[in-house]
Each structure stands twice: as structure tokens, then as C-alpha cells.
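All remarks here apply to the structure that follows.
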Amino acid sequence: MVQQSAPMTARILDGKAIAGRLRRELAEHIRRGMAGHGRAPGLAVILVGDDAASQVYVRNKKNACAEVGIVSEDFSHTLPADTSQQHLLGLIAELNADARVDGILVQMPLPAHIDPEAVIEAIDPGKDVDGFHPYNVGRLAARAPRLRSCTPYGCMKLLEETGVDLHGQEAVIVGASNIVGRPMAMELLLAGATVTVTHKFTRDLAAHIRCAEIVVAAAGKPGLVKGEWIRDGAIVLDVGINRLPDGRLVGDVEFEAARQRAGWITPVPGGVGPMTIAMLMANTVQAWREHLGDIAGETTGDMP
């Protein structure tokens, strides 16, 4: 669903509405799959510590699970901040071996004494519904994706909504993180775009963005991308979510100025964020189908 904004301004990519539609489609897939197999998908969510933002994210993910029919509460764990890395890895091993669990998500960030890379690599790649495991990242790099990093995957779904053919499009990514920037580059390459990844060492960010037909801003710095830099008609996906001192949430892009030039733009909040959770649900359903031997779609049909 795309909302038409005021004349002469960018069309809004309503991630909240699009994610809602995807969740409804996934719920139907689960309903059909359970008719054939009798078991719902299972997602284990592990939260270590009491970080307030992480608690909100975990609650939103569990709510989405309940909406689409994924069993999460039965397998999820909230652990104290002083949990040892050994204990966490032992829990992951137990969940890897549990046939009822199709996906495992460890909420980041972790306490400082726990190595996040060791935790990510401990998860069975077939249950890595965050898409962070080196195996799944490597599959994407090799142009044979399996479970895909949720935020870039959600961005690709948003790009589909525009109807724009991505082949040959000039795409610029702002930020080179393992979570968004790098897998986003591989997703866009897979779609046939010409990709530039900018980062803290990039000498002239404005010059790169002025040439971009697609801009993906994922640096975590409010207002980093100036509206005047946006090429007329460009697609702007703002992954950033930053809380200002006055409590407002804003992205990495100067939204009001950018929307006067862009063809399409995501709001913050309500753009990329809901899509990330929707694609987590999609990855869990995909892992469930694989574990049931149903990935060809005989029972559940094509994935959204």
C-alpha cells in the first residue's frame, strides 16, 4: 500500500501498512501449513539484560508472532545481565537441538562481556532468522540467498512496492555495517543495481548522493543526509532511527526537505522498522517450511 502525499512531494512508502499486509499473508501460509503438518512455526527469542529499547523490540517481535500464528512465548528466554557467555551458548545449543524451534533470535546489543560474533556463529544457520550468520551472509554473496538479513530484506520489499526496475539503477548506501550496509549492497547487486557503499572515510558524501537514483541511509546519525543532496525523483529509504533530546524520533535523512525532491521516501517511524519485523516473521516461516520438508510449497504455496 502506498499513500499519495501532497502534489510535488514524494510518495510515501508506508512500511506499517505494507508490513501489515505481509503479516496477513504469512498468517494464511501458516494456517495452510498447519492443516498439513499440525505444527506451528516456533521462534525462540533470547533477551539478555534489561536494556529498555531491547525490551520494546522484543515485545514488538513477540506481538507480531502472536498475530501471524508463530509460537514464541513457549521457547523464549529473558536472562539477567550477568549471564555468562558459556550459559548463553549452552542455551543456544539446546534450542538448536529442539525440533519444535524453527528460528532463534538473540536480541542485540549484548552485555559487554559476551562476544556477539561467538553467539551469532553458535546459532544453527538453518535457524538464523536474523540472517546474521556468516553462512547466510555468504549465501547472499554467492547469489544463492537462504535466510536473509531482515532490514535489507525489508528494504527490498519496499523497493518492489515502487514498481521501479532496479536493473542499472545507481544506488548509494550510507553506512557499511554488517547489519544493514553490507548485506544491503549484496541485495541490490543481486537485483541488478550499480552499488556504491559510503562510510566514515568517504570524502564527498554529498557528491555520491546527488548521483543516486536509490539512497539507503543507515548510518545512525540524525539529519546526516541533507534534503538538498537528493536527486529529483530518487527513491529514499531511511533506515536510521534516532531519538532527539526533545523525544522525537527521526531518521538519517532530512525528511521534509528530501520529500520535496524525492519520488518515493520512507517516513521515520513507520517506514523500514515495521518491515524488519515482518521479514523476521517471513524468515521464520521459511525456516519452518524447510524443516518440514515443504520448501517447494506443495502445502503453503509461494511465500509473500
Side-chain angles (χ1 to χ4, degrees), residues 1-6 8-20 51-61 64 107-109 149-159 161-162 171-181 183-184 197-200 202 204-206 208-210 212-280:
M1 179 185 297
V2 176
Q3 296 178 344
Q4 180 73 49
S5 42
M8 303 303 294
T9 60
R11 285 169 283 186
I12 301 298
L13 282 165
D14 186 346
K16 185 176 181 180
I18 297 165
D51 179 79
S54 292
Q55 290 174 343
V56 171
Y57 296 146
V58 165
R59 183 168 62 249
N60 289 342
K61 290 167 184 177
Q107 182 65 43
M108 303 291 173
S149 184
C150 297
T151 298
Y153 195 10
C155 287
M156 296 308 294
K157 289 292 183 181
L158 287 170
L159 289 171
E161 292 289 322
T162 69
V172 171
I173 300 167
V174 183
S177 73
N178 288 346
I179 305 301
V180 181
M184 189 75 235
V197 180
T198 64
H199 43 75
K200 64 182 179 181
T202 297
D204 191 345
L205 180 61
H208 288 287
I209 291 175
R210 286 190 174 104
E213 295 164 289
I214 300 168
V215 176
V216 182
K221 295 184 178 181
L224 174 66
V225 177
K226 307 305 178 188
E228 65 190 42
W229 298 349
I230 300 299
R231 176 173 172 166
D232 287 347
I235 302 170
V236 180
L237 303 183
D238 193 347
V239 181
I241 182 162
N242 312 284
R243 189 172 295 279
L244 299 180
D246 62 7
R248 288 184 298 130
L249 289 176
V250 299
D252 291 354
V253 178
E254 288 184 343
F255 179 80
E256 291 300 334
R259 73 185 302 205
Q260 302 305 315
R261 302 176 66 90
W264 304 80
I265 193 168
T266 58
V268 177
V272 176
M275 295 300 296
T276 297
I277 295 179
M279 302 327 294
L280 171 66

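Environment of OH in Y57: sparse, with no more than 12 heavy atoms of neighbouring residues, nucleotides or ligands closer than 6.0 Å.
Put simply, the side chain of T198 gets close to the backbone of I173: a donor and an acceptor are under 3.5 Å apart.
Nearest heavy atom pair, residue V216 against residue M184, reads CG1-CG, 4.0 Å. Nearest heavy atom pair, residue P183 against residue S177, reads CD-O, 3.8 Å. Contact record, G271 with L158: O-CD1, 4.3 Å, taken as the closest heavy-atom pair. Nearest heavy atoms, R259 versus E256: CG-O, 3.2 Å. For the residue pair T266 and F255, the shortest heavy atom distance occurs at O-CE1, 3.8 Å.
Going from atom CG of N60 over to atom CD1 of I277 covers 4.5 Å, rounded to the nearest 0.5 Å. Atom-to-atom distance recorded for H199:NE2 and T202:OG1 is 4.0 Å, nearest 0.5 angstrom. The OG1 atom of T151 sits 13.5 Å away from atom CE of M156, with the distance rounded to the nearest 0.5 Å. Atom NZ in K221 sits 8.5 Å away from atom NZ in K200 (nearest 0.5 Å). From I214, atom CD1 reaches atom CD1 of I209 across 13.5 Å, with rounding to the nearest 0.5 Å. Rounding to the nearest 0.5 Å places CZ of R261 at 12.0 Å from CD of E254.
The closest side-chain heavy-atom distance from L280 to K61 is below 4.5 Å. A heavy-atom distance below 4.5 Å is not found between the side chains of V180 and S149.
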Could you pull out every donor-acceptor pair under 3.5 Å between side chains of residues 223-244 and any protein atom, sequence neighbours left out?
{"unit_1": "K226", "atom_1": "NZ", "unit_2": "G223", "atom_2": "O", "d": "3.0"}
{"unit_1": "R231", "atom_1": "NH1", "unit_2": "C211", "atom_2": "O", "d": "2.8"}
{"unit_1": "D238", "atom_1": "OD1", "unit_2": "G240", "atom_2": "N", "d": "3.2"}
{"unit_1": "D238", "atom_1": "OD1", "unit_2": "D252", "atom_2": "N", "d": "2.9"}
{"unit_1": "D238", "atom_1": "OD2", "unit_2": "D252", "atom_2": "N", "d": "3.1"}
{"unit_1": "D238", "atom_1": "OD2", "unit_2": "V253", "atom_2": "N", "d": "3.0"}
{"unit_1": "N242", "atom_1": "ND2", "unit_2": "V250", "atom_2": "O", "d": "3.2"}
{"unit_1": "N242", "atom_1": "ND2", "unit_2": "G251", "atom_2": "O", "d": "3.2"}
{"unit_1": "N242", "atom_1": "ND2", "unit_2": "D252", "atom_2": "OD1", "d": "3.1"}
{"unit_1": "R243", "atom_1": "NH1", "unit_2": "G247", "atom_2": "O", "d": "2.8"}

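Here S54 pairs with L47, D51, Q107, P109 under the side-chain contact (heavy atoms from CB on, under 4.5 Å) rule; sequence neighbours left out. Under the salt bridge (Lys or Arg N to Asp or Glu O under 4.0 Å) criterion, D246 pairs with R248, not counting sequence neighbours.
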